Participant: 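Attaching a single structure in structure tokens format; questions to follow.
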Number of protein chains: 2
Amino acid sequence: MGTLERMEDEVDRLIEAWRRERPDLDVAPMEVLSRVSRLARHLDRARSQAFGTHGLESWEFDVLAALRRAGTPYQLSPGKLLKETLVTSGTMTNRVDRLAARGLVERLPDPHDRRGVLVQLTPAGRDKVDAAMADLLTHERALLGGLSDGDQQKIARALRELVRPFDLEKH
Amino acid sequence: MGTLERMEDEVDRLIEAWRRERPDLDVAPMEVLSRVSRLARHLDRARSQAFGTHGLESWEFDVLAALRRAGTPYQLSPGKLLKETLVTSGTMTNRVDRLAARGLVERLPDPHDRRGVLVQLTPAGRDKVDAAMADLLTHERALLGGLSDGDQQKIARALRELVRPFDLEKH
DNA sequence: ATGATTTATCTTGACGTCGAGATACTCTAG
DNA sequence: CTAGAGTATCTCGACGTCAAGATAAATCAT
């Protein structure tokens with residue numbers, strides 16, 4: 001039983017503690033799922049930091065990015081936007097208000113539905129989101145540096161398996 | 001070019017849109033990292049639901065679980081708790097207040113440091129967190145059902161690689 | 001046509017979190 | 001022994017989110 005330093009992470013500590021305290025439980029699922037949760041948390045922080053250099057908040061990027069990838073003319077209804085970003089309608093009203101105040105989007109009346117509104121990216125908004133996206137990908141590539149392309153593909157496939165049930169359930 | 005239904009997820013849609021709009025960017029990192037973020041989001045929802053049947057909020061579980069796995073006498077300082085749960089001190093004060101009001105923890109003066117406080121799990125708190133943890137693991141096992149043990153181990157190892165840099169940087 | 005239902009968006013109040021700062025105590029260098 | 005630095009916790013105000021409900025317009029059945 002040497003003390004050779006193994007490459008452990010916080011989740012290993014976590015799991016070890018649970019095994020000690022609750023030897024009756026099978027805590028194997030944490031090996032994958034706790035790491036997913038913690039990694040996501042760290043990614044959020046890293047993203048916030050990357051966007052900060054562009055004067056953007058994460059939530060701002062989320063909305064601008066949805067509009068950007070919709071393609072020209074970069075318009076989506078609030079309803080579509082909240083499906084893309086997984087937030088509630090009240091939140092989206094708020095977000096669009098503040099993005100419009102900053103001049104990154106504008107609200108237009110929907111010509112085909114007088115209840116409706118179209119949110120459109122301004123040129124300034126497009127520039128911001130394009131720069132932020134390029135920067136984000138650079139940072140993310142660095143994070144993945146340790147993994148071979150093949151490993152990345154394997155993980156991506158496995159994660160797709162895990163996400164799909166959730167994607168399906170919301171029709 | 002048949003229309004054979006491929007097994008795609010929302011992230012495939014996302015990536016496809018970005019490739020169309022920004023063919024100049026290498027969006028490969030999203031295959032892994034966007035899936036991690038989205039899966040974490042879904043997991044949060046699933047956890048909230050599982051805890052709801054025990055009358056617990058997710059944030060309550062996080063605190064109780066940290067105390068539980070610390071082992072008897074189930075005591076930690078607010079400082080240790082906020083390192084375990086990755087929240088700020090103001091948040092932890094708030095959480096402990098509310099957990100104490102519900103009778104799931106109590107605040108004790110630290111006998112060795114008069115600035116300090118120890119937060120201790122009550123028997124009721126321990127029962128709650130034990131039941132919730134067992135339930136959570138059952139749900140998580142179901143989520144992972146589609147993956148072989150070997151695949152799970154491979155993913156866990158890869159995720160550990162990705163998380164470690166973050167774990168290290170905070171000393 | 002007309003009323004009922006559905007859909008799209010906005011409004012409001014409560015909640016949990018954060019970050020900065022306040023307070024009280026401990027530790028360390030001299 | 002003491003001044004200053006460090007540490008532990010709590011306070012407070014601002015913020016973003018959510019959930020429920022309000023409003024208005026479109027759609028459907030009769």
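Computed from a predicted structure; not experimentally measured. The chains referred to below are lettered A, B, ... by the order of the sequence lines, with proteins before strands, and numbering in each begins at 1.
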Participant: Once side-chain hydrogen bond (donor to acceptor under 3.5 Å, both in side chains) is applied, do any residues pair with B:D110, and if so which ones, sequence neighbours excluded?
Facilitator: none
Participant: Starting from C1' on C:dA14, measure out to CD on B:E57 and report it in whole angstrom.
Facilitator: 13 Å
Participant: Roughly, in whole Å, what's the span from CG in B:L82 to P in C:dG19?
Facilitator: 12 Å
Participant: Once side-chain contact (heavy atoms from CB on, under 4.5 Å) is applied, do any residues pair with B:R98, and if so which ones, sequence neighbours excluded?
Facilitator: B:W59, B:N94, B:R95
Participant: Residues two or more places apart in sequence or in another chain: which of them pass side-chain hydrogen bond (donor to acceptor under 3.5 Å, both in side chains) with B:R114?
Facilitator: none
Participant: So which protein N/O to nucleotides 10-13 of chain C N/O distances come out below 3.5 Å?
Facilitator:
residue	atom	partner	partner atom	Å
C:dC10	OP1	A:R107	NE	2.9
C:dC10	N4	A:S89	OG	2.6

Participant: What I want to find out is whether A:R47 reaches A:D62 closely enough, with some N-O distance under 4.0 Å, to be called a salt bridge.
Facilitator: yes
Participant: Given atom CZ of A:F51 and atom P of D:dG16, what is their separation to the nearest angstrom?
Facilitator: 16 Å
Participant: Does a nitrogen or oxygen in the side chain of B:R98 sit under 4.0 Å from OP1 or OP2 of C:dC15?
Facilitator: no
Participant: Could you identify which residues of residues 61-72 of chain A place a heavy atom less than 4.0 Å from some atom of DNA chain D, listed by residue number, or say none?
Facilitator: none
Participant: Below 3.5 Å is the cut-off: list the nitrogen or oxygen pairs between protein and nucleotides 24-26 of chain D, distance only.
Facilitator:
residue	atom	partner	partner atom	Å
D:dA26	OP1	A:R114	N	3.2

Participant: For B:L81 and D:dC10, what is the distance between atoms CG and C1' respectively, to the nearest whole Å?
Facilitator: 15 Å
Participant: May I ask you to evaluate whether A:R95 reaches the phosphate of C:dT9, defined as a side-chain N or O under 4.0 Å from OP1 or OP2?
Facilitator: no
Participant: One thing to verify: whether A:R35 and A:E31 come together as a salt bridge, which I'm taking to mean a side-chain N less than 4.0 angstrom from a carboxylate O.
Facilitator: yes
